[in-house]
Amino acid sequence: MVKVTLPDGSIREYADGSTALDVAKSISEGLARNVLAANVNGEVVDATRALPLEAQLSLLTWNDAEGKSTMWHSSAHLMAEALEFYYPGIKLAIGPPVANGFYYDVDFMDYEIREDDLPKIEAKMKELAKSKLEFVRKEVSKADALSYFEEKNDPYKLELINELEDGSITFYTQGNFTDLCRGPHIPNSGFIKAVKLTSIAGAYWRGDENNKQLTRIYGITFPKQAELTEYLEKVEEAKKRDHRKLGKELELFTFSQKVGQGLPLWLPKGAALRERLENFLKRAQRKSGYDQVISPHIGNKELYVCSGHYEKYGADSFQPIKTPDENEEFLLKPMNCPHHCEIYKSKPRSYKDLPVRFAEFGTVYRYEQSGELHGLTRVRGFTQDDAHIFCTPDQVKEEFIKVIDLVLYIFKTLKFDQFKAQVSLRDPENPGKYIGSDENWKKAEQAILDAVEEKDLPAVVEYGEAAFYGPKLDFMVQDALGREWQLGTIQVDYNLPERFELEFTGSDNQKHRPVMIHRAPFGSMERFVAVLLEHCAGDFPLWLTSEQIAILPISDKYNSYAQKVLDLLNNSDIRGFVDDRSEKIGKKIRDAELKKIPFMLIVGEKEAEQQEVSVRRRQHGDLGAMSIEDFAKLVNEAVESELAMNV
RNA sequence: GCCGGUGUAGCUCAGUUGGCCAGAGCAGCUGAUUUGUAAUCAGCUGGUCGGGGGUUCGAAUCCCUCCACCGGCUCCA
């Protein structure tokens with residue numbers, strides 16, 4: 001008998017050889033129709049596989065992430081079958097599920113495939129799906145596996161098989177298609193009701209640009225047509241939030257081919273926004289004991305030779321500029337830290353001075369490959385909200401906590417409630433590739449883990465992701481299209497203090513080496529503004545937005561009253577403008593709404609007489625008339641509560 | 001950098017068997033209108049069709065090349 005424990009704790013018994021599907025059927029036919037895969041004793045497997053004698057079982061459906069990915073994995077196989085139908089002889093590489101669908105990397109040999117070809121492949125997939133092909137699992141010996149793909153002459157599969165252990169190799173077959181695959185798969189292709197192949201792109205075999213470039217086809221499938229429609233609508237909606245589109249519409253930034261690729265130009269409204277963000281952070285940093293410093297945009301090449309950056313990145317960077325007479329070489333600043341190290345060295349430091357915290361909105365220039373540039377999120381010239389903390393190894397934890405507080409304050413103020421933190425630690429397998437003493441590493445890694453725990457951050461720990469010079473903590477958020485971007489970062493560094501021979505005098509009157517912490521809560525102003533723009537869909541918080549109010553006179557007769565209202569509100573630190581065009585009020589309101597201005601003040605005969613304003617809140621409508629003082633108070637209180645430092 | 005796609009007015013886009021002066025809406029300008037909570041009307045300006053080269057009697061349209069942008073890959077101090 002097979003003893004099955006279900007997620008609710010109930011235990012049921014079944015005949016030997018029963019499958020998860022049999023269990024589902026015994027519960028309800030409806031459930032059985034929806035089971036895509038099963039989690040058996042912690043492992044996701046085919047719902048059609050015989051259960052072990054003791055099974056902790058949960059049935060996976062479309063509502064489970066593993067259910068979705070199983071179906072998408074099967075969809076990749078289905079696509080491969082459709083592709084082989086149209087392009088016999090193609091070589092298949094890998095076809096995994098991803099966050100939103102699946103892809104297959106294919107070597108199309110001499111075939112040409114274009115986006116226009118995708119619909120016919122979709123159609124074939126739907127046709128195959130309809131015939132409810134079963135996905136049949138088969139264990140094969142390594143020799144048989146090799147001979148199968150030798151016959152098929154597929155070098156990619158052969159390479160993969162060669163790396164596998166004999167005895168652990170499985171094939172899956174559906175219809176006329178057999179693939180090397182660990183599985184699991186859905187019971188049959190009939191679950192796939194809606195298919196959309198979304199894009200076609202190049203991808204290197206095993207992600208290595210020295211390897212052959214394959215053709216990657218991305219797709220997504222759903223169990224219902226309606227869900228596909230909904231998904232496509234969501235994608236459309238996300239495109240409307242794209243920061244590149246909003247940035248243009250709201251006149252925040254632009255690019256010019258003449259100025260150069262990846263070099264953003266901040267327009268007045270964007271610059272004002274950015275300045276406000278900078279002041280916001282500066283104010284918070286002042287409270288946390290940072291000192292502002294300023295360093296130039298170029299630095300002697302020797303500075304970066306000393307820091308080690310030149311050796312590591314010099315060849316792939318903007319090349320040095322030279323002085324005309326002495327041929328002295330200077331680099332565009334790719335990092336602020338070497339400069340800050342020299343600032344640290346400007347005078348002797350005592351343990352009593354530590355921690356020392358130098359902050360700078362430092363603009364840096366890095367050569368990014370042209371294909372990598374992307375709106376404001378990936379550029380060649382950008383401004384880091386950088387700071388370097390020089391402290392003793394014992395102070396690392398406290399400093400981490402303080403920086404985390406700062407990051408959380410920023411996230412809270414700007415309503416980023418969906419973020420994740422990643423702790424990057426040493427690769428325990430390979431301790432030799434890191435600089436710094438083992439003792440200090442242990443201390444710092446523990447400090448970060450403690451800080452994360454203390455602050456209750458949603459964090460994942462990644463071993464081997466640390467930089468060679470120290471462990472780090474990164475903050476990640478997603479953009480409107482689900483792409484993940486790193487924002488803030490906090491990194492421990494043992495390397496630069498060593499290279500720059502930084503010192504402080506301890507209480508023992510001996511020289512000691514400080515630890516350096518790099519940190520940038522926004523990451524870069526460019527990327528942060530981009531992600532923020534998408535996050536709030538252009539509806540910035542009141543404190544941040546460039547134009548808080550639009551004063552809309554009913555007719556030209558009230559322009560002078562409108563101007564007077566603006567002057568009064570300006571005196572109360574409220575920003576805005578008078579729309580004095582001879583347009584009808586409906587038009588002025590529409591335009592202000594489209595410009596995403598939070599408050600519209602309508603002024604006409606009544607208001608001028610009463611010395612009032614009629615307030616209209618964007619997307620809410622008419623709030624009625626109030627005195628100018630009351631409105632100023634309303635705005636200022638709203639701003640204050642948005643900025644409250646109560647983390 | 002690599003693969004694929006795209007490039008027509010400030011913006012969004014039409015213009016494909018190569019053929020008269022390259023079009024529309026919005027924006028802008030001028031004038032009329034003086035307006036009460038999401039588009040008042042009329043007229044006008046504006047483009048060497050991304051740049052360069054070629055094929056042709058003739059190119060926005062076909063070919064080559066360069067550039068930029070978009071989707072990925074690789075990379076990211």
Side-chain angles (χ1 to χ4, degrees), chain A residues 98 103 105 108 112-117 198-218 239 242 244-245 248-249 251 254-262 304 307-314 316-317 333-338 364 366-375 377-380 382 384 467-469 481 483 485-486 489 491 493 495-496 518 523-524 527 552-559 581-595 600-607 614-625:
Chain A
V98 287
Y103 67 80
D105 282 349
F108 275 95
E112 296 229 350
I113 179 157
R114 302 157 48 84
E115 204 138 340
D116 310 346
D117 299 317
T198 47
S199 70
I200 185 164
Y204 299 102
W205 168 236
R206 313 213 116 176
D208 184 338
E209 63 183 325
N210 298 313
N211 286 340
K212 175 156 186 182
Q213 187 157 41
L214 308 172
T215 303
R216 176 171 296 181
I217 301 179
Y218 282 93
K239 282 187 188 156
D242 192 309
R244 294 166 294 189
K245 184 174 154 65
K248 192 183 275 179
E249 284 171 6
E251 297 179 14
T254 189
F255 288 89
S256 148
Q257 201 166 328
K258 240 181 197 143
V259 170
Q261 237 191 328
Y304 306 103
S307 71
H309 292 116
Y310 188 77
E311 192 193 346
K312 197 159 160 54
Y313 296 102
D316 304 320
S317 290
K333 176 165 74 174
M335 294 282 298
N336 300 302
C337 29
V364 297
R366 296 179 186 174
Y367 177 78
E368 304 285 358
Q369 296 192 104
S370 62
E372 252 318 309
L373 300 171
H374 182 94
T377 48
R378 198 65 191 277
V379 288
R380 286 180 172 167
F382 57 96
Q384 295 178 310
F468 73 94
Y469 52 79
L481 296 170
R483 287 175 289 218
W485 295 100
Q486 183 198 307
T489 182
Q491 308 187 2
D493 188 346
N495 180 42
L496 287 183
H518 308 251
S524 84
R527 179 175 292 178
L552 314 179
I554 294 290
S555 82
D556 294 352
K557 283 184 242 164
Y558 311 106
N559 282 353
R581 298 174 299 169
S582 15
E583 292 288 352
K584 292 170 79 168
I585 193 67
K587 169 75 166 165
K588 293 183 184 181
I589 287 170
R590 180 182 153 79
D591 287 349
E593 290 272 348
L594 291 175
K595 284 163 84 177
M600 283 151 269
L601 302 181
I602 288 123
V603 296
E605 191 178 354
K606 278 180 294 185
E607 291 79 8
S614 282
V615 181
R616 181 189 162 98
R617 176 90 222 213
R618 174 172 143 76
Q619 288 178 329
H620 291 270
D622 199 349
L623 300 185

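Lettering of chains follows the sequences in order, A, B, ..., and the numbering in each one begins at 1.
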Student: Between B:U37, B:U34, B:A38, which nucleotide has the shortest distance from any of its atoms to the side chain of A:S555?
Tutor: B:U34
Student: Of the candidate nucleotides B:U33, B:G71, B:A77, which contains the atom at the shortest distance from the side chain of A:S199?
Tutor: B:G71
Student: With the stacking rule set at 5.5 Å and 30°, tell me whether A:Y218 counts as stacking on B:G72.
Tutor: no
Student: Who does B:G71 pair with, Watson-Crick or G-U, both distances under 3.5 Å?
Tutor: B:C3
Student: Is A:A201 touching bases, backbone alone, or none of the nucleic acid, heavy atoms closer than 4.0 Å?
Tutor: base
Student: Touch check for A:R616, heavy atoms < 4.0 angstrom, all strands: base, sugar-phosphate only, or nothing?
Tutor: base
Student: Quickly work out the A:Q369 CD to B:C76 C1' distance and round it to whole Å.
Tutor: 10 Å
Student: Between P on B:G4 and CG on A:L214, what's the gap in Å once rounded to a whole number?
Tutor: 13 Å
Student: Taking the nucleotide of RNA chain B with the nearest heavy atom to each, does A:T215 or A:F255 sit closer to the 5' end?
Tutor: A:T215
Student: Please work out if A:G586 contacts a base, only the sugar-phosphate, or nothing of the nucleic acid, heavy-atom cut-off 4.0 Å.
Tutor: sugar-phosphate
Student: Partner lookup for B:C29, please. Criteria are Watson-Crick or G-U wobble with both distances under 3.5 angstrom; report none if nothing qualifies.
Tutor: B:G43
Student: On a whole-Å scale, what distance lies between the C1' atoms belonging to B:A14 and B:G25?
Tutor: 11 Å
Student: With a 4.0 Å cutoff (strictly under), does any side-chain N or O of A:K557 reach OP1 or OP2 of B:U35?
Tutor: yes
Student: Categorize A:G207 for me: base, sugar-phosphate, or nothing, with a 4.0 angstrom heavy-atom threshold over every strand shown.
Tutor: sugar-phosphate
Student: Can you tell if the side chain of A:F255 reaches within under 4.5 Å of the side chain of A:Q261, non-hydrogen atoms only?
Tutor: no
Student: Please determine if A:E593 and A:R618 form a salt bridge, counting it only when a charged side-chain N lies under 4.0 Å from a carboxylate O.
Tutor: yes
Student: For nucleotides B:G10 and B:G71, find the distance between their P atoms and express it as a whole number of Å.
Tutor: 23 Å
Student: For a quick test of reading the model: is some side-chain N or O of A:S370 closer than 4.0 Å to OP1 or OP2 of B:G1?
Tutor: yes
Student: Provide, to the nearest angstrom, the distance between the CD1 atom belonging to A:I589 and the C1' atom belonging to B:U37.
Tutor: 3 Å
Student: Nearest-Å distance, NZ (A:K245) to C1' (B:C11)?
Tutor: 10 Å
Student: Measure distances between side-chain N and O atoms of A:E607 and base N and O atoms of B:G36, and say whether any donor-acceptor pair falls under 3.5 Å.
Tutor: yes
Student: Which of these nucleotides, B:U34, B:G71, B:A38, is closest to any side-chain atom of A:R590?
Tutor: B:A38
Student: Please measure how far the P atom in B:C73 lies from the corresponding atom in B:U17, and state the result in whole Å.
Tutor: 38 Å
Student: Any base atoms under 4.0 Å from A:E249, or only sugar-phosphate, or nothing? Heavy atoms, all strands.
Tutor: nothing
Student: Students often get this wrong, so: under 4.0 angstrom with heavy atoms, is A:T198 touching a base, only sugar-phosphate, or nothing?
Tutor: nothing
Student: Under 4.0 Å between any heavy atoms, over every strand shown, what does A:I585 touch: base, sugar-phosphate, or nothing? Just pick one.
Tutor: sugar-phosphate
Student: Would you measure the distance from the C1' atom in B:U33 across to the matching atom in B:U40 and give it in whole Å?
Tutor: 7 Å
Student: Could you tell me whether the side chain of A:I200 reaches within less than 4.5 Å of the side chain of A:D117, counting heavy atoms only?
Tutor: no
Student: Are side-chain heavy atoms of A:L214 and A:K212 found at a separation under 4.5 Å?
Tutor: yes
Student: With the side chain counted from C-beta on, respond yes when A:N495 and A:F468 share a heavy-atom pair under 4.5 Å apart, and no when they do not.
Tutor: yes
Student: Whole angstroms only, please: what is the NZ-C1' distance between A:K312 and B:C75?
Tutor: 11 Å
Student: Scan every strand shown for a Watson-Crick or G-U wobble partner of B:U56, both distances under 3.5 Å, and answer none if you come up empty.
Tutor: none
Student: Return the nearest nucleotide to the side chain of A:Y313; candidates are B:U35, B:A77, B:A38.
Tutor: B:A77
Student: For B:G71 and A:H374 - does any side-chain N or O of the residue sit under 4.0 Å from the phosphate oxygens OP1/OP2?
Tutor: yes
Student: Considering just the side-chain nitrogens and oxygens of A:K248, establish if one lies under 4.0 Å of OP1 or OP2 belonging to B:U12.
Tutor: yes
Student: Would you say A:E249 has more than 12 foreign heavy atoms packed within less than 6.0 Å of its CD?
Tutor: yes
Student: Is A:Q257 side chain donor-acceptor paired with the B:A68 base, going by distance under 3.5 Å alone?
Tutor: no
Student: Below 4.5 Å, heavy atoms only, C-beta onward: do A:K606 and A:S614 meet side chain to side chain?
Tutor: no
Student: Rounded to whole angstrom units, what separation is found between the CG atom of A:D591 and the P atom of B:C26?
Tutor: 13 Å
Student: Can you tell me which nucleotide in B:A77, B:A38, B:U37 comes closest to the side chain of A:I602?
Tutor: B:U37
Student: How far, in whole Å, is B:U48 from B:C11 if one measures between their P atoms?
Tutor: 13 Å
Student: What is the distance from CG of A:D316 to P of B:C76, rounded to the nearest Å?
Tutor: 10 Å
Student: Contact between A:I602 and A:I589 at the side-chain level, heavy atoms closer than 4.5 Å - yes or no?
Tutor: yes
Student: Is the shortest side-chain heavy-atom distance between A:Q486 and A:R527 below 4.5 Å?
Tutor: yes
Student: Measure from CZ on A:R114 to P on B:G5 and round the result to the nearest Å.
Tutor: 6 Å
Student: Measuring only the P atom in each nucleotide, how far is B:A68 from B:C13? A whole number of Å is fine.
Tutor: 22 Å
Student: Please state the P separation for the pair B:U6 and B:C62 - nearest whole angstrom.
Tutor: 11 Å
Student: Please determine whether any donor N or O and acceptor N or O are separated by less than 3.5 Å between the side chain of A:E209 and the base of B:C2.
Tutor: no
Student: Using both distances under 3.5 Å as the test, list the Watson-Crick or G-U wobble partner of B:U12, or none.
Tutor: B:A24
Student: For B:A77 and A:R366 - does any side-chain N or O of the residue sit under 4.0 Å from the phosphate oxygens OP1/OP2?
Tutor: no
Student: Between A:R244 and B:C69, does any side-chain N or O lie under 4.0 Å from OP1 or OP2?
Tutor: no
Student: Thinking salt bridges, do A:R206 and A:D208 make one under a 4.0 Å N-O criterion?
Tutor: no
Student: Output yes when at least one side-chain N/O atom of A:R378 is less than 4.0 Å from OP1 or OP2 of B:C70, else no.
Tutor: no
Student: OP1, OP2 of B:G1 versus side-chain N and O of A:Y367: anything below 4.0 Å?
Tutor: yes
Student: Check this one for me: any side-chain N or O of A:K587 less than 4.0 Å away from OP1 or OP2 of B:A27?
Tutor: yes
Student: Give me the distance, rounded to whole Å, that separates B:G23 from B:G46 when you measure between the P atoms they each carry.
Tutor: 13 Å
Student: According to a strict under-4.0 Å criterion, is A:Q261 in side-chain N/O contact with OP1 or OP2 of B:A68?
Tutor: yes
Student: Any idea which of B:A38, B:U40, B:G4 is nearest the A:E583 side chain?
Tutor: B:U40
